[in-house]
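Below is one structure, written out as structure tokens; comments come after it.
Just so we're on the same page: letters track the sequence lines, and every chain starts at 1. As the structure is a computational prediction, the values presented were derived from the model and not from experiment.
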Amino acid sequence: MTEHFDPSIIVARDVDKIYPNGCHALKRVSLEINRGEVVVIIGPSGSGKSTFLRTLNQLETISDGDIRIDGISLTDKRTDINKVREEVGMVFQSFNLFPHKTALQNVMLAPMKVLKKSREQAEKKGRELLYKVGLSERMHSYPSQLSGGQQQRVAIARALAMMPKIMLFDEPTSALDPEMVGEVLDVMKSLASDGMTMVVVTHEMGFAREVADRVVFMEEGELVFEERPERFFESTSNERLQRFLGQVL
Amino acid sequence: MQKQYNPLLWNAIFAVILLGLGYGIYAASKSIDYTWRWERIPQYLISTDPTEIRSPFDGTVVVEQGGKRVLVDPDSGDEPFVVEKFDLLLADDGDIVFEGDAVAGIEEWRLGPIGWGLLTTLKLSVVSLVFAMVIGLFTGLARISDNPALRNLAITYIELIRGTPLLVQIFIFYFFIGTVLDLDRFTAGVAALAVFTGAYIAEIVRSGIQSIPPGQMEAARSLGMNYVQAMTNVILPQAFKRTLPPMAGQFINLIKDSSLVSVIAITDLTKAGREVVSSTFAPFEVWFTVALLYLVLTGALSWAVQRLEKRLAASD
């Protein structure tokens, strides 16, 4: 059981992704992420950053290379991908809450069905998590009755209910009205300070600067540049990064 | 600007048109000298004729206890035939009766032929519906499966069924499959209706599932649910809600299509109607009655589905 002493929890090596239509979405992307680390991936749209994030829980399969999550290879045919996904929570740009269930039911569903927890246990945990994201008042509301920011916070609570070791965030604030971005980022910040391993695809440069341990820049399917945030934004060595930062900042 | 209609005026016009149509039908029947005999119809729905108790042999009737007990003494000298529970006395003391003659009657309400037909149609529809939903659900899932064998099987089945008339399918089920597998006519009828409706339900299920955003499946799978758990807990409940209106239409079609099984001599509502017409010579009344009864069945169904839709709308 040496893997518990391995500091890296995500190891992606030479990940290639070619879609059936020939689009080369990821080109030999390699990235190692340590336990408790917060990694922010930025890049222009179509750069493959979301695709890369989605390969980490096999929502996208990869064409070549290997990904290891906590020592388990995702390309190994004997790997039960559902077991891996229990450990890897994901938050989507469009929330993807289950519209036919209340906030609390959304949070309770997976623990009950996947972890076979009792209704009481799942509900206790669900109430706890909704309290943590500041939505105790709204737990019996349906997603359609919640604002975008509230929905995204429920989605974070839903992912946390599975007690994941890793949380993936796929542009969690891009579909939100500006005034709601803050409340979601606050939840993510507190999660980071609790020591959660997080991989975040975002356009929020402020969040990257403040919370990230490392910032990764991707363009045209390639991992171009990675650096600690305090140096990342001041770096002048990389021309492609300079061009991108010039556009967004 | 939306045009404002005077509701009172236009509802009155609607009522006048309906009355006009009703009068038209009445006038048309007058013009062909049709005599309406509505009074003949109720007895074919529910029969109030007393059930007759018949003598099993030739003999002499003896009425005892002031008419509370009747017995028939057989000519052969065997044990007498005793009747104690009856409402009507149909023979007098000392009458000579032959085998099969009525001696007493019990007054009770029974279903008439049309009533039985209605019951048969109901049974036929409900049983076929249950099987059609199971067939439709699994075919719909197979239709969108990544497995080419499953997908092609589903497509072949759906195209075969949708491309041939139901009447022909019923004949094939009864004369070919029914003979090979030794099915009785009711089973053959149910099988034909279920297989026919299943193909249409499969397409409704498919379109319902495909109308759910792919993000729902991704969210469910990202939480560690397997395909079956994601389908049953996340996708199908949402798809069910969306497909209720077309599903209701299909169920109503099933009830109406069930009239076609009368061609393989299942006495459903339609066949009962035909039989009653031949004994009453009142075709207009009988067919209007039959139509009304179908309308009651389909109306009750669409009312029930509408209530279900309202209840499921809570999360909208």
Side-chain angles (χ1 to χ4, degrees), chain A residues 50 53-54 56-61 80-103 105-116 140-146 151 154-164 166-170 175, chain B residues 133 137 140-141 144-148 150-152 204-248 304-316:
Chain A
S50 283
L53 192 75
R54 290 158 57 87
L56 298 181
N57 66 351
Q58 284 293 89
L59 283 185
E60 300 280 358
T61 54
D80 179 0
I81 187 59
N82 294 323
K83 280 270 165 274
V84 177
R85 283 175 177 152
E86 288 175 24
E87 316 264 277
V88 184
M90 187 166 207
V91 175
F92 299 84
Q93 179 176 356
S94 48
F95 328 135
N96 295 345
L97 288 183
F98 307 136
H100 60 303
K101 295 190 177 294
T102 63
Q105 288 167 342
N106 261 278
V107 179
M108 288 164 60
L109 182 65
M112 282 168 63
K113 299 295 172 186
V114 180
L115 304 178
K116 309 290 176 203
H140 297 300
S141 303
Y142 284 99
S144 59
Q145 298 159 338
L146 299 173
Q151 287 189 54
V154 174
I156 293 172
R158 178 178 69 177
L160 290 175
M162 292 296 289
M163 315 268 268
I166 302 167
M167 284 285 282
L168 309 177
F169 292 84
D170 188 3
Chain B
M133 289 205 311
L137 176 62
L141 288 170
I144 53 170
S145 160
D146 290 331
N147 182 328
L150 277 179
R151 192 176 59 233
N152 289 330
I204 295 174
V205 168
R206 178 189 63 82
S207 69
I209 291 174
Q210 287 179 337
S211 76
I212 306 300
Q216 290 290 313
M217 182 54 114
E218 287 180 354
R221 297 304 300 272
S222 79
L223 289 165
M225 287 187 222
N226 60 36
Y227 180 81
V228 176
Q229 287 171 331
M231 266 293 164
T232 50
N233 293 300
V234 176
I235 306 297
L236 288 178
Q238 294 181 58
F240 175 71
K241 195 165 121 183
R242 290 196 190 188
T243 54
L244 259 183
M247 216 55 115
V305 172
Q306 268 173 30
R307 283 213 32 173
L308 191 59
E309 260 182 86
K310 281 219 181 85
R311 262 187 48 189
L312 289 177
S315 61
D316 286 339

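Residues passing the side-chain contact (heavy atoms from CB on, under 4.5 Å) test with A/Thr61, sequence neighbours excluded: A/Lys17, A/Gln58.
Here the CE atom belonging to A/Met162 is positioned 9.5 Å from the OG atom belonging to B/Ser222, to the nearest 0.5 angstrom. Remark: A/Phe98 CZ to B/Ile212 CD1 distance equals 12.0 Å, nearest 0.5 Å. To the nearest 0.5 angstrom, A/Leu115 atom CG is 10.0 Å from B/Leu223 atom CG.
A 4.5 Å side-chain heavy-atom check between B/Gln216 and A/Pro99 finds at least one atom pair inside the cut-off. Counting heavy atoms from C-beta outward, B/Arg221 and A/Asn82 have side chains that approach closer than 4.5 Å. When side chains are defined from C-beta on, A/Val114 counts as touching B/Gln229, because their heavy atoms get closer than 4.5 Å. Taking 4.5 Å as the limit, some side-chain heavy atom of A/Leu109 sits within range of a side-chain heavy atom of B/Val234. No side-chain heavy atom of A/Met90 sits under 4.5 Å from any side-chain heavy atom of B/Glu218.
Interface remark: A/Lys101 contributes side-chain atoms only to the contact with chain B (heavy atom separation under 4.5 Å). Only the side chain of A/Arg54 comes within less than 4.5 Å of a heavy atom in chain B; its backbone stays farther off.
Looking at A/Asn96, its side chain does come within 3.5 Å of a backbone N or O of B/Gly215 through a donor-acceptor pair. In this structure a side-chain-to-backbone donor-acceptor pair under 3.5 Å is present from A/His100 to B/Asn233.
In terms of non-hydrogen atom pairs under 4.5 Å with chain A, the most contact-rich of B/Gly224, B/Pro213, B/Pro237 is B/Gly224. Counting heavy-atom pairs under 4.5 Å between each of A/Val84, A/Leu168, A/Leu97 and chain B puts A/Leu97 at the top.
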